[in-house]
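In what follows, a single structure is set out as structure tokens and then discussed.
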Number of protein chains: 2
Amino acid sequence: MNNNDWNKQRVLEVLRDAGVNPTSQRVEIGYALFSSCAHLSAEEIMQRVNADYPVVSKATVYNTLGLFAGHALVREVIVEPGKVFYDPNVSPHHHFYYVDSGDLVDIPASSLQIGTLPDLPPETEVEKVEVVIRLRQRATH
Amino acid sequence: MNNNDWNKQRVLEVLRDAGVNPTSQRVEIGYALFSSCAHLSAEEIMQRVNADYPVVSKATVYNTLGLFAGHALVREVIVEPGKVFYDPNVSPHHHFYYVDSGDLVDIPASSLQIGTLPDLPPETEVEKVEVVIRLRQRATH
DNA sequence: CTCGATGCAAACAATTTGCAGGAGC
DNA sequence: GCTCCTGCAAATTGTTTGCATCGAG
């Protein structure tokens with residue numbers, strides 16, 4: 001199952017299954033997010049949802065994406081100050097970030113093995129491991 | 001050499017060696033940054049520099065830290081949207097981020113080996129590899 | 001005197017908060 | 001009718017830009 005053949009009914013079910021009250025705004029935002037195969041910023045999501053006529057405010061986009069993230073429906077990826085991507089792929093994986101173009105590309109978990117993990121401080125547990133490999137165009141000397 | 005016995009004269013020399021014109025504002029910011037053994041935000045750096053009386057504006061703090069980063073005098077570590085830490089330790093290493101307290105702690109490069117690295121897309125090179133392990137207090141069931 | 005470098009006020013952008021209105025009980 | 005939930009306007013916070021000023025040649 002993946003990013004094709006999403007429809008709003010299916011988004012509604014996913015939200016309900018996750019314990020999120022599926023209001024119309026949330027379904028719209030979820031549909032924009034899941035039906036896209038890309039990594040979108042909050043700004044881009046709002047533009048897609050509001051493409052025809054105003055449906056949601058920016059505040060609602062942020063609040064909703066935060067809510068989704070709390071229910072593991074989306075993953076936040078931070079690459080630059082003030083630049084957060086929302087990744088509908090929530091399974092463990094990592095990212096290439098193209099500094100020049102601003103594009104973000106998945107790295108399957110299997111392609112990047114972390115060898116030794118450091119000892120954790122007592123009474124703590126890992127919430128998430130973020131690996132971002134920043135790439136730039138090779139300099140032409 | 002490390003985070004004790006910094007003085008402004010030494011900061012001045014470091015800046016000059018790095019090719020950065022050592023103006024008084026830059027020396028003050030560099031001194032606040034290097035003499036601290038912590039990971040500071042732009043806000044905190046400004047507070048330290050301006051503790052007694054106004055010395056620099058916030059804009060200058062941002063511009064100067066950006067300049068330092070470009071000359072590899074400081075490393076930017078992004079952990080949350082709108083939360084950048086400036087790390088005076090520029091040698092390769094990684095970070096624990098305590099979600100609950102907002103603290104950032106170094107992981108020596110030797111404690112976290114990355115096993116396989118994925119193939120890079122053609123004509124690109126790695127600028128930086130960012131690994132942030134987000135930790136939370138272990139839930140008490 | 002000229003011109004590039006510098007610092008900062010003001011503009012801009014990203015995110016959060018507080019509260020008015022609405023849905024369910 | 002009361003209460004909790006929801007969405008958004010407005011406020012806040014983080015960052016960048018454009019320009020006046022300074023200092024070196």
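Quick caveat: nothing in here was measured; it's all calculated off a predicted structure. Every chain is numbered from 1, with letters handed out A, B, ... down the list of sequences.
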Report summary line: Looking only at D/dC8, D/dG7, C/dA9, the nucleotide nearest the A/Asn63 side chain is D/dC8
Query raised in the report: Using a cut-off of 4.0 Å on non-hydrogen atoms, how would the nucleic acid contact of B/Thr23 be classed: base, sugar-phosphate, or nothing?
Result: sugar-phosphate
**Report entry** Between D/dC22 (C1') and B/Arg26 (CZ): distance, integer Å
**Finding:** 13 Å
Query raised in the report: For A/Asn89 and A/His39, does a side-chain donor sit closer than 3.5 Å to a side-chain acceptor?
Result: no
Query raised in the report: Atom CZ of B/Phe68 to atom C1' of C/dG7: distance rounded to whole Å?
Result: 14 Å
Query raised in the report: Which of the following nucleotides, D/dC8, D/dG7, D/dT17, is nearest to the side chain of B/Ala59?
Result: D/dT17
Report task. Pick base, sugar-phosphate or nothing for B/Val55, based on heavy-atom distances below 4.0 Å to the nucleic acid. Result -> sugar-phosphate
Query raised in the report: So what does B/Val61 hit on the nucleic acid, given a heavy-atom distance under 4.0 Å: a base, only sugar-phosphate, or nothing?
Result: nothing
Query - Value in whole Å for how far the C1' atom of C/dT16 lies from CG of A/Leu67 - result: 15 Å
Query - Between D/dT15 (P) and B/Glu43 (CD): distance, integer Å - result: 10 Å
Query raised in the report: Which part of the nucleic acid, if any, lies within reach of B/Asn21 when heavy atoms closer than 4.0 Å are counted: base, sugar-phosphate only, or nothing?
Result: sugar-phosphate
Report summary line: Heavy atoms of B/Tyr86 and B/Ile45 approach each other most closely as CB-CD1, 4.3 Å
Query raised in the report: Would you call B/Lys128-B/Glu130 a salt bridge at under 4.0 Å N-O?
Result: yes
Query raised in the report: Could you state the NZ-P distance from B/Lys58 to C/dA11, rounded to the nearest angstrom?
Result: 17 Å
Query raised in the report: Separation of B/Glu28 atom CD from C/dG7 atom C1', in whole Å?
Result: 14 Å
Query raised in the report: Reckon A/Tyr62 has a side-chain N or O less than 4.0 Å from the OP1 or OP2 of C/dT16?
Result: no
Query raised in the report: Are A/Val131 and A/Ile114 side-chain neighbours, meaning at least one heavy-atom pair lies under 4.5 Å?
Result: yes
Query - Donor-acceptor side-chain pairing of A/Asp106 and A/His94 below 3.5 angstrom - result: no
Query - Distance in angstrom units between B/Glu80 CD and D/dT13 P, rounded - result: 16 Å
Query raised in the report: Can you check the A/Met46 CE to D/dG7 P distance for me, whole Å?
Result: 15 Å
Query - Upstream residue (5' side of DNA chain C) when B/Val20 and B/Gly82 are each assigned their closest nucleotide - result: B/Val20
Query raised in the report: Given D/dC8, is OP1 or OP2 found less than 4.0 Å from the side-chain N or O atoms of A/Thr60?
Result: yes
